[in-house]
Protein chains: 2
Amino acid sequence: MATIGAVAKQAGVSIASVSRVINGTAARADTERRVRAAIQDLGYQPNSAARALKVRQSEQICLSFDDLSNPAYVLMTRGVGQALSSSKYRLILSSAFSSVEEIVKHLETMGRGFADGLIISPIYADARITTLISQLKMPVVLVGTMPEGLDVDNVYVNSAAGVDLAIDHLIEIGRKRIALINGPVTTNPGRRRKAAFEKALKKNKLAFSDASIIQADAFSTQAGFEAVTNIKELKKFDAIICANDQLAAGVMKFCVDNEIDIPSDIALIGIDNIELASLLRPTLTSVDLRAEERGQIAANLMLNRLANPDRPSKQIEVQPRLVIRQSTVAS
Amino acid sequence: MATIGAVAKQAGVSIASVSRVINGTAARADTERRVRAAIQDLGYQPNSAARALKVRQSEQICLSFDDLSNPAYVLMTRGVGQALSSSKYRLILSSAFSSVEEIVKHLETMGRGFADGLIISPIYADARITTLISQLKMPVVLVGTMPEGLDVDNVYVNSAAGVDLAIDHLIEIGRKRIALINGPVTTNPGRRRKAAFEKALKKNKLAFSDASIIQADAFSTQAGFEAVTNIKELKKFDAIICANDQLAAGVMKFCVDNEIDIPSDIALIGIDNIELASLLRPTLTSVDLRAEERGQIAANLMLNRLANPDRPSKQIEVQPRLVIRQSTVAS
DNA sequence: TTGTACGCGTTATCAG
DNA sequence: CTGATAACGCGTACAA
């Protein structure tokens, strides 16, 4: 591999001059020409490790979340990747954490300096994670609900407003007996959806009991199917909100199998509005949480922070939007 | 940030000793204890840039493909990520290339040494890409059809066998007038599917004309919908194979809208067997191309190559498998 | 077993 | 505007 020294020799100038040409500092036209020719000649590429060691920047940004099998995170990754692609930064992906310990271990390796910034969307609420993040010596952008006592750049979606949108819509179409099929309450989204759901029902003076919330084991299709299977009296409800679209897909599968008509017997609403929602039959009404957009915003917050390390932290709220389809309003 | 020097001072030993302890070379028990204590004390983490500069390894592997919005690539990414998570290597993601030029540019940056290996799944067949790959000074694993004149580790799926599986199945259920809705023939998968389809029809002495192959603009749901819309005489066919599941989803949407019954009027088969296939109604028969498994294999090939740079290159063929669902056999 | 000293490829400072 | 040279943090001959 050609080094900067080889280029210098070939061009008949000093190493310093080559460096200047590369980094755009002034140089005589003739010098620049010869250096560029030599670079071309040797196919020189600056070594990123040496550069990183010297300037203390890796030009890499790390994106961390728990599970790439969730399409909402894929959307987020796309958003981040897109925003980063027009910058000098590369994207490092850290995914598939199966436990808090793994996240902790990963967070500790951040001290090695292989990334200039961390965009993280932790699904579990754990004090260790919060502490570790706050001790990180690098810029952090948090995607999701900000834990108590943390002050970093943050983009989050007003998910309570999303639940409100869903419930208002259900009320409009005359539904009053509404259930929530929730994901695990050990997760942040699970907890928040539950709280928002309770609050919204009470606000609208709708029937609410413990039976109104069914806990699924995961945010997956399979879990949705199992959760709805376990409901003793499905007839008690005339509408179901699911904590994400995959859960809703599982519910829909169950309904088709058991000849329960959607939406006439039961109206169904999902959350996330992934592509799947428009492909199911009936198509699925869903609350769009704008994951791709949040990813873009997160990446731009990071780029902005990197360019401007001292600005105060920013919190950006993204508004959900309801996409009405056949699962609530027959076409 | 604590450096190795700080640790050495704190432990009262030389930096060489600290380095030895970290890298597992022999040291007196007492020395090791003091070094470890100092490391703990200072929260020392070795600087990865300095390490990379010295040992000429970045401990990073780059995964490149064209579009993260294709769930098949997400599966592949999961496979790679999973195989890498138990290694010391980090995963760098490069996606969303919109043109050959972008890929070329990306390939050129590989010379900077920020990655120890490249796993690449190029969708476009372009001589420049092949040339560039062959000139790369680092291990490369190619996922997909190997272009002429390249000799690198490779994992590919026998997609012709996949098309055969689909056609054999259709023949078994009595279909004879089969169409292919293909993706762009500017892509490798598009070209291969087309060739395999023609060959399989002829082998089975089934009717084939230019009208049997309908070109979609992309591998997307929308493109599938549009492609089927453009077929003049849909009744001519009693079965459709789609180049991927998303195209098939678009076709299914069209059929539902136009009251064409699947499978009685038209049998439908997709390719990839992404989760979507089991969620559509009717559920979609699909040829599983084992993307996640290919990702795992690719990553393992890479790890193995990195550990053993001089072994001859390996080509691994993955066999597709047909997953029969309601779109060909009503339940 | 331990310590000293050098070099990895860059950037940045400072004299010319 | 240019060139020599000192870091950056780490690994490792080589000497002790």
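Worth knowing before you read on, the calculation uses all heavy atoms, side chains too, and leaves out hydrogens, waters and symmetry mates. Every chain is numbered from 1 and lettered A, B, ... according to where its sequence line falls, protein lines coming before strand lines.
Taking 4.5 Å as the limit, every side-chain heavy atom of B:D272 sits out of range of all side-chain heavy atoms of B:P71.
DNA chain C is contacted by both B:S14 and B:R56; B:S14 maps to the nucleotide lying nearer its 5′ end (nearest heavy atom per residue).
B:F65 and B:Y73 have parallel rings, their planes meeting at less than 30° on a 0 to 90° scale where 60° marks the start of perpendicular.
One interatomic measurement links the two molecules: CG of B:N47 to P of D:dA7, which rounds to 18 Å at whole-angstrom precision. In this structure, B:R112 places its CZ atom 15 Å from C1' of C:dT11, rounding to the nearest Å. Taking atom CG of residue A:N23 and atom C1' of nucleotide C:dT10, one finds them 9 Å apart after rounding to whole Å. Rounded to a whole Å, the CZ atom of B:R51 is 20 Å from the P atom of D:dC8. Between B:I4 atom CD1 and C:dC8 atom C1' the separation is 15 Å, expressed in whole Å. Taking atom CG of B:L53 as the reference point, atom C1' of D:dA7 lies 13 Å away to the nearest angstrom. Atom CD1 in A:I22 sits about 11 Å away from atom C1' in C:dG9, given to the nearest Å. Taking atom NZ on A:K54 and atom P on D:dA7, their separation rounds to 9 Å, with Å as the unit.
For B:R20 and C:dG3, a side-chain-to-base donor-acceptor distance below 3.5 Å is present, hydrogens and geometry of angles not being considered.
The closest donor-acceptor contact from the side chain of B:Q60 to the backbone of B:I92 lies at 3.5 Å or more, if one exists at all.
Side-chain nitrogen and oxygen atoms of A:T3 include none within less than 4.0 Å of the OP1 or OP2 phosphate oxygen of C:dG9. The side chain of A:S17 contributes an N or O atom lying less than 4.0 Å from OP1 or OP2 of D:dG3.
For the residue pair A:E317 and A:Y156, a side-chain donor N or O sits within less than 3.5 Å of a side-chain acceptor on the partner.
A salt bridge does not link B:R20 to B:E32: none of the charged side-chain nitrogens sits closer than 4.0 Å to a carboxylate oxygen.
When the nucleotides D:dC10, D:dC1, C:dT4 are ranked by their closest atom to the side chain of A:R28, D:dC1 comes out on top. The side chain of B:T31 lies closest to C:dT2, out of C:dT10, D:dG11, C:dT2.
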